[in-house]
Amino acid sequence: MGFNKEYFKKVYLNNLCTLCETNLEEATLLDKYNALVYTIRDDLYKKWVNTNKIRKENNVKKVYYFSLEFLPGKLLDRNLIYLGIKDLCNEALEEMGISLKELEELEEDAALGNGGLGRLAACFLDSMASLQLPGCGCGIKYKYGLFKQKIINGYQVEEEDNWLKSGGLWGITKIDKCVEVKFGGNVKSIYENNKLIFKEENYHSILAEPYDVPVLGYKNEFVNTLRLWRAKSKKDFDFDYFSLGEYLKAVEEKVDIESISYVLYPDDNNYKNKVLRLKQQYFLVSASIQSIINEYKKSNKINSFHEKIAIHINDTHPTLAIPELMRILIDYEGLSWQEAWHITVNTISYTNHTIMPEALEKWPLHMVKELLPRVYMIIEEINKRFYERVLREKGEQKAKNIAIIFNNEINMAKLAIVGSHSVNGVAKLHTNILKSEVMRDFYDIYPERFNNKTNGITHRRFLLKSNTKLSNLISESIGDCWIKSPKELKKLESFAEDKSFCEKLQCIKKENKIELSKIIKDSTGIIVDENSIFDVQIKRFHLYKRQLLNVLNIIYMYNEVLQNRDVFPRTFIFSGKAARGYYEAKQVIKLINALGEKINKDSRVKDKIKVVFLENYRVSLSERIFPAADVSEQISTASKEASGTGNMKFMMNGAITLGTLDGANVEILEAVGKENIVTFGLKAEEVLNYYKNRNYNPFEVYNREPIIKNSVDKLVNGFLDINRDEFKVLYNELLRRDEYFVLKDFMEYIKAQKKIEQLYKNTNVWNKISITNIANSARFSSDRTIKEYAKEIWNIENIK
Ligand code: 26W
């Protein structure tokens, strides 16, 4: 920024007055925060305008990343660091008696996402901007983000998340760039000049209003855009009803329309057939495509659209982009089916993020037909053409397998594969499962479309910003080039046996643990021992992620302590949300809290074990936890976790992975070597075989192994101070089905946990493992991932 401290103060005080109508003495914390955002925005917006100007002059290819979810977290601290003015700003504020930390805390997390998929989208935007790649995120400006989680009496309780209450001042609403989105009505086919054309009639149209948020690159003056759409009624109220005194009726239509962007669906990995969700999906893609085309046509011809524009769909949620682009190219741009199809397929690329069958989206035909009649016609036509081709070339069985429309449902994953030029999985193992199992028939037809892009995370947020102490140590040791080129981290390997470095590293971990302990104490009242192993599992609650396995081991360890066996002190830390309607997952949360109640206050345990549940998991809380973790629990049933990205954040902060050979854990093992990770459990192939042969019997495992029986029984035998039926559902799931092989993997997990303990007891060994993990984490930076997408899928180049 072109200004010094004095100038900063002057602008800041002026903003307090002219934009917040207050002064330093009178200002509330929110005023002070908002004045700061205004002050930073000045400079940020200038860079933004400039980037857009340069991009237009160069007329380079640009990627649009379509996602129903973005999970950026807080922006203040990040933007200050990326602008390189944090110290200046901190000092200036301090001189005016303002604490920057307090302002940072006041800022709400932008939580327009559920978990992995949304956070990945935010990391990708970070890397695109930092690598100077022209890219734009397209999403929805939900008025309410992911619910806030309260723990009451051990149970999860959901509360609305009004994330805009801290102002929402980073972004800017572009009232004059609204576009119209049409729902309902019917389609009339008519011949005009010997050509069949389609006219939409009797539809309802609503407005989509863009809110643009600047996405700044790291110290490079480069700013991309995250465009979030809000649904807006054309009419604010109905005058006739109003005059009759029917006030509710007068605003009914407005409320109905604006509900489209009202709240994020809190389901993760679980498809529910809800018309409002379908509306959200179409709303996003229709508004985004229209605005892309409007912008594009200012300086280009429609026939070469795919040469200048790439559209990426983040999972199947924005798959309607395919028929929507077809609709506009055919009905509004006058292209033939073949021309439009060529452009569409070459524009669109698709990432799959899950193989969980219950997550696969299948929309009922009648719903799509009623809500989007023209889009429906196009999907039918795509299905027909593809089906006939496969029938001709591969026969009836294959044709049936690949049908996009089946059983009166539209299979969105199939539509996404057929309508795009690239399909990727998010870790090697996951991509292989897609190719050989879930999407086998498609891989057979389009082998060239399938590719892997292992996920990554932005090391700038999850190391540089959130673990200042460790970043400083790294920069002191190898210079600060790693911030722009994470590969430099490799140089840390030469410090693995450097005594002074190891001591400093250990010291930093300890300080981070002390800080987390304070947070734990403030939010739960539990006092934990900073010298114990901080063993952490933080992520969404889902049976496949197997928080239950962790719990069963804690019960086992508790028993060990009571039997006076030697156990190294441990603090088990959990955090995460369960989908509002997911009963079993919510019961696991209750179980953790019930177990904590029992163990934490049992004096016989002598503080050897503590069980902590931190409420309201979110990006900003995670940033306090990763730097303080010793052990990273990544224990999903092999084959189920597509990649995982928390695993990468832990590793980068020097925690050691305790995991199954699932998702990206496999590649972490590859990166660090088997001495520097602890793995256990069934392999993906074994799991898939059990599913195929249906020959797993958990009851037999339970009966055979007293240790397992002992732990499992404690869920229902009165061991916990709770009604014996409370956890019956979990107990029954384990014994009758155990869909996720918790019991099968239990004994090996206990062994793996003992190995962790052995390693931890040897400080030199532990430090060495920790350093090796940090040093080899560069390949999990989203910079690497985004470079691969840019080169191999989008075909875009950075702007110098
Ligand atoms: C339709 C309901 C729904 C909502 C969200 C279905 C599926 C999802 C997401 C695809 C679930 C998700 O976030 N998947 C996670 O994506 C991460 C980023 O690629 C991976 O690291 C995780 O392994 C995967 O579970």
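Fair warning: this is a prediction, and the values are worked out from it, not measured in the lab. Start at 1 and go down the list; that is how both ligands and their atoms are numbered.
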Using the rule given for ring-ring contact (aromatic ring centres under 6.0 Å, His included), can you reason through Tyr789 versus His312, listing the C-alpha separation, both sets of side-chain angles and the distance that settles it, and then say yes or no? CA-CA 10 Å; Tyr789 275 91; His312 198 87; 5.4 Å; yes

Could you check whether atom CZ of Arg784 has more than 12 heavy atoms from other residues, nucleotides or ligands sitting under 6.0 Å from it? yes

Smallest heavy-atom separation, Gln156 atom then Lys586 atom, equals NE2-CE, 3.6 Å

> Do Ser643 and ligand 1 have an N or O pair less than 3.5 Å apart?
Replying inline: yes

Only one of Ser261, Ser288, Ser67 passes side-chain contact (heavy atoms from CB on, under 4.5 Å) with Ile140, and that residue is Ser261

In this structure, atom 21 (O) of ligand 1 is nearest to the protein heavy atom Gly644 N, 2.8 Å

heavy-atom search around atom 25 (O) of ligand 1 in the protein gives Glu641 OE1, 2.9 Å

### Message
For the CD atom on Glu686, are there more than 12 heavy atoms of other groups (residues, nucleotides or ligands in this structure) within a distance under 6.0 Å?
### Response
yes

Counting from 1 in the order shown, the ligand 1 atoms closer than 4.0 Å to a non-hydrogen atom of Tyr544 are 25 (O)

Among non-hydrogen protein atoms, atom 19 (O) of ligand 1 lies closest to His353 ND1, 2.6 Å

Is the closest side-chain heavy-atom distance between Ile635 and Tyr749 below 4.5 Å?
yes

Before you tell me yes or no, could you show the steps for Asp267 and Lys272 under salt bridge (Lys or Arg N to Asp or Glu O under 4.0 Å), namely the whole-Å CA-CA distance, both residues' side-chain angles and the distance that decides it to 0.1 Å? CA-CA 8 Å; Asp267 280 290; Lys272 289 207 187 95; 2.9 Å; yes

Review point. Would you say the side chains of Asn269 and His353 form a donor-acceptor pair under 3.5 Å?
Key: no

Note: heavy atom closest to atom 7 (C) of ligand 1, options Asn269, Asp268, Ile355, Thr454, belongs to Asn269

The protein heavy atom nearest to atom 1 (C) of ligand 1 is Arg277 NH2, 3.6 Å

among protein heavy atoms, the one nearest atom 2 (C) of ligand 1 is Asn270 O, 3.3 Å

Counting from 1 in the order shown, the ligand 1 atoms closer than 4.0 Å to a non-hydrogen atom of Ala642 are 23 (O)

Under 4.0 Å between heavy atoms, the region of His317 that gets near ligand 1 turns out to be side chain

Within the 4.0 Å heavy-atom cut-off, what Asn455 brings close to ligand 1 is side chain

Under the salt bridge (Lys or Arg N to Asp or Glu O under 4.0 Å) criterion, do Arg460 and Asp783 qualify, and how do the steps go? CA-CA 10 Å; Arg460 282 170 295 268; Asp783 286 5; 2.7 Å; yes

When distances are taken from atom 4 (C) of ligand 1, the protein heavy atom at minimum range is Asp267 O, 3.3 Å

When distances are taken from atom 9 (C) of ligand 1, the protein heavy atom at minimum range is Leu117 CB, 4.1 Å

Atom 10 (C) of ligand 1 has as its nearest protein heavy atom Asp315 OD2, 3.5 Å

